[in-house]
Peer 1: 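Here it is, the structure in full.
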Amino acid sequence: MPELPEVETIRRELAPRVVGRRINEVEIRWPGIIARVSPDIFRQRVQGARVTGMGRRGKYLLWTLEPEGTVIVHLRMTGQLHHHPSPVPGDKHTHLIMRLDDGSEVHYRDVRKFGRWYWTSAPEEVVGHLGPEPLSPEWTVEEFAAALGRRRRPIKALLLDQGVVAGLGNIYADEALFVAGIHPLRRGDTLHVEEVRRLHEAIRQVLLEALHAGGSTFSTYQRPDMGEGTYQRRHRVFRRTGHPCPVCGTPIERIRVSGRSTHFCPHCQR
DNA sequence: ACCACAACCTGGCCGC
DNA sequence: TGCGGCCAGGTTGTGG
């Protein structure tokens, strides 16, 4: 489940291989992954364009094209991007192949086909609903507090709301709440200033730690060079139900919050 | 405005 | 061994 650290890792590995290259051909094997425009239009707009930059907003990867437009990719649950120096056939889960002008290929694999590819001349129409970037210095405690202060939903649900802050998913929401010592069912509007400050810092800390580890690798996430992230080894609570809390030893509990499995320490997160 | 839940998909796992 | 059913979780859409 690629979240911000995984998408940023992918961006860093893919960009040097792709930026500056011309996209000679786009092969779409599963048209359902193309959103907003028809697969034919997508192919027309992308084929022949040159990639001049690769950026990220939240969990979205943005490829800037010349002469016009932006390709935006969201990997959702199981999407993977791989770069191959020379042509390979792909497998039954390979749904899109880009052939570049140096003979290399970018392959998109997605077992569950939830991921989406966009072409747009107005990226804000796709990513404009996103809240601030948590690793940007412009994301302040004050802004975070303002986004939480009026909300009655559980803090776990608010962290997963991409309009509150962009890029957190189930893993890093649970990890950040643990580091901040906040119970996932606390209502947003009941957090004290000090707790908001701790959570703001915890979010940045776990995202940066994960980024330095190359993200978390489960069966469904791989880096473009086929390497693996290692942050899953350092998860404190996520998918560690019954294991001892790394701080106090109390068994980690699992509950459902807003329909999502949620892991926490009942002693450290009251 | 708020919330719950289904839908999108498939593979892995569990129990029988 | 095989089969049915459930679960995983990001996002959108629907309905209460």
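From a predicted model like this one, the values you see are computed outputs, not experimental measurements.
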Peer 1: Pairs counted only when both distances fall under 3.5 Å, Watson-Crick or G-U: show me the 5' to 3' dot-bracket for DNA chain B, [ ] for pseudoknotted crossings and | for other-strand partners.
Peer 2: .|||||||.|||||||
Peer 1: Could you check whether A:Asp102 and A:Ser104, counting side-chain N and O atoms only, form a donor-acceptor pair closer than 3.5 Å?
Peer 2: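 Yes, a side-chain donor-acceptor pair sits under 3.5 Å.
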Peer 1: Round to the nearest Å and state the distance from A:Arg109 atom CZ to B:dC9 atom C1'.
Peer 2: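 Atom-to-atom, A:Arg109 to B:dC9, this comes out as 14 Å.
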Peer 1: Under 4.0 Å between any heavy atoms, over every strand shown, what does A:Arg152 touch: base, sugar-phosphate, or nothing? Just pick one.
Peer 2: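 Sugar-phosphate contact only.
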Peer 1: Can you label the angle between the A:His84 ring and the A:His107 ring as parallel, tilted or perpendicular, going by 30° and 60°?
Peer 2: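 Ring orientation of A:His84 relative to A:His107: perpendicular.
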Peer 1: Taking the same atom, P, in B:dC9 and in C:dT14, what whole-Å distance lies between them?
Peer 2: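 Each nucleotide's P atom is 16 Å from the other's.
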Peer 1: Return the value, rounded to whole Å, for the distance between atom CG of A:Leu160 and atom P of B:dA4.
Peer 2: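 Going from CG in A:Leu160 over to P in B:dA4 covers 13 Å.
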Peer 1: From C-beta outward on A:Tyr60, which listed nucleotide comes closest to its side chain: C:dT11, B:dC2, B:dT10?
Peer 2: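 Looking only at side-chain atoms, A:Tyr60 lies closest to C:dT11.
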Peer 1: Which of parallel (below 30°), tilted (30 to 60°) and perpendicular (above 60°) describes A:Trp117 and A:Tyr108?
Peer 2: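 A:Trp117 and A:Tyr108: perpendicular rings.
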Peer 1: Could you state the atom-to-atom distance from CH2 of A:Trp117 to P of B:dC8 in whole Å?
Peer 2: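 Value for this atom pair: 24 Å.
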Peer 1: Would you sort out whether A:Leu81 and A:His83 count as a side-chain contact (heavy atoms from CB on, under 4.5 Å), showing the intermediate values?
Peer 2: CA-CA 7 Å; A:Leu81 286 165; A:His83 180 262; over 6 Å; no
Peer 1: Between A:Tyr118 (OH) and C:dT12 (P), how many Å, whole number?
Peer 2: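 About 6 Å, once rounded to whole Å.
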Peer 1: Rounded off to whole Å, could you give me the NE2-to-C1' distance for the A:His93 and B:dT10 pair?
Peer 2: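 Value for this atom pair: 7 Å.
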Peer 1: Nearest whole angstrom, please: distance from the P of B:dA7 to the CE of A:Met77.
Peer 2: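 So the two atoms are 17 Å apart, to the nearest Å.
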Peer 1: Which of parallel (below 30°), tilted (30 to 60°) and perpendicular (above 60°) describes A:His200 and A:Phe144?
Peer 2: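 Tilted: the ring planes of A:His200 and A:Phe144 meet at 30° to 60°.
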Peer 1: Between A:Leu130 and A:Arg239, name the one whose nearest nucleotide on DNA chain C is closer to the 5' end.
Peer 2: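 The 5'-side residue here is A:Arg239.
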Peer 1: Salt bridge check: are A:Glu8 and A:Arg11 linked by an N-O gap of less than 4.0 Å?
Peer 2: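 Salt bridge: yes.
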Peer 1: By nearest atom, which of the nucleotides B:dT10, B:dC3, C:dT12 is closest to the A:Arg76 side chain?
Peer 2: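 Out of B:dT10, B:dC3, C:dT12, the nucleotide with an atom closest to A:Arg76's side chain is C:dT12.
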Peer 1: Show which side-chain atoms of residues 173-185 of chain A pair as donor or acceptor with protein atoms under 3.5 Å away, not counting sequence neighbours.
Peer 2:
{"residue": "A:Asp174", "atom": "OD1", "partner": "A:Lys156", "partner atom": "NZ", "Å": "2.8"}
{"residue": "A:Asp174", "atom": "OD2", "partner": "A:His263", "partner atom": "N", "Å": "2.9"}
{"residue": "A:Asp174", "atom": "OD2", "partner": "A:His263", "partner atom": "ND1", "Å": "2.8"}
{"residue": "A:Glu175", "atom": "OE1", "partner": "A:Arg236", "partner atom": "N", "Å": "2.8"}
{"residue": "A:Glu175", "atom": "OE2", "partner": "A:Arg236", "partner atom": "N", "Å": "3.1"}
{"residue": "A:Glu175", "atom": "OE2", "partner": "A:Val237", "partner atom": "N", "Å": "3.0"}
{"residue": "A:Glu175", "atom": "OE2", "partner": "A:Phe238", "partner atom": "N", "Å": "2.9"}
{"residue": "A:His183", "atom": "ND1", "partner": "A:Leu185", "partner atom": "N", "Å": "3.0"}

Peer 1: Nearest whole angstrom, please: distance from the C1' of B:dG11 to the CG of A:Asp110.
Peer 2: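 Distance, rounded to whole Å: 13 Å.
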Peer 1: Any ion pair linking A:Glu133 and A:Arg57 (charged N to carboxylate O, less than 4.0 Å)?
Peer 2: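 So A:Arg57 pairs with A:Glu133 through a salt bridge.
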Peer 1: Determine: side-chain N/O of A:Lys92 to OP1/OP2 of B:dT10, distance under 4.0 Å, yes or no.
Peer 2: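 For A:Lys92, the contact criterion (side-chain N or O under 4.0 Å from OP1 or OP2 of B:dT10) is not met.
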Peer 1: Kindly state whether the pair A:Phe114 / B:dC8 counts as stacked, where counting means centroids closer than 5.5 Å and planes tilted less than 30° apart.
Peer 2: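 The base of B:dC8 is stacked with A:Phe114 (centres under 5.5 Å, planes under 30°).
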Peer 1: Measure the distance from CG on A:Asp91 to P on B:dT10 and round it to the nearest whole Å.
Peer 2: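 In whole Å, B:dT10 P and A:Asp91 CG are 13 Å from each other.
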Peer 1: Is A:Leu61 linked to A:Val18 within one hydrophobic cluster, defined over Ile, Leu, Val, Met, Phe, Trp and Tyr using a side-chain heavy-atom separation of less than 4.5 Å?
Peer 2: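 They do share one cluster, since a chain of ILVMFWY contacts under 4.5 Å joins A:Leu61 to A:Val18.
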Peer 1: Any idea which of C:dT12, B:dC2, B:dG11 is nearest the A:Arg153 side chain?
Peer 2: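 Nearest nucleotide to the side chain: B:dC2.
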Peer 1: With a 4.0 Å heavy-atom cut-off, tell me which residues in residues 169-180 of chain A come close to DNA chain C, sorted by residue number.
Peer 2: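 Only A:Gly169, A:Asn170 qualify.
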Peer 1: Does A:Ile34 share a hydrophobic cluster with A:Val71, counting links as ILVMFWY side-chain heavy atoms below 4.5 Å and allowing steps through other members?
Peer 2: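 The answer is yes; both residues are in one hydrophobic cluster.
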Peer 1: Below the 4.0 Å mark, does B:dT10 have OP1 or OP2 next to a side-chain nitrogen or oxygen of A:Lys113?
Peer 2: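 For A:Lys113, the contact criterion (side-chain N or O under 4.0 Å from OP1 or OP2 of B:dT10) is met.
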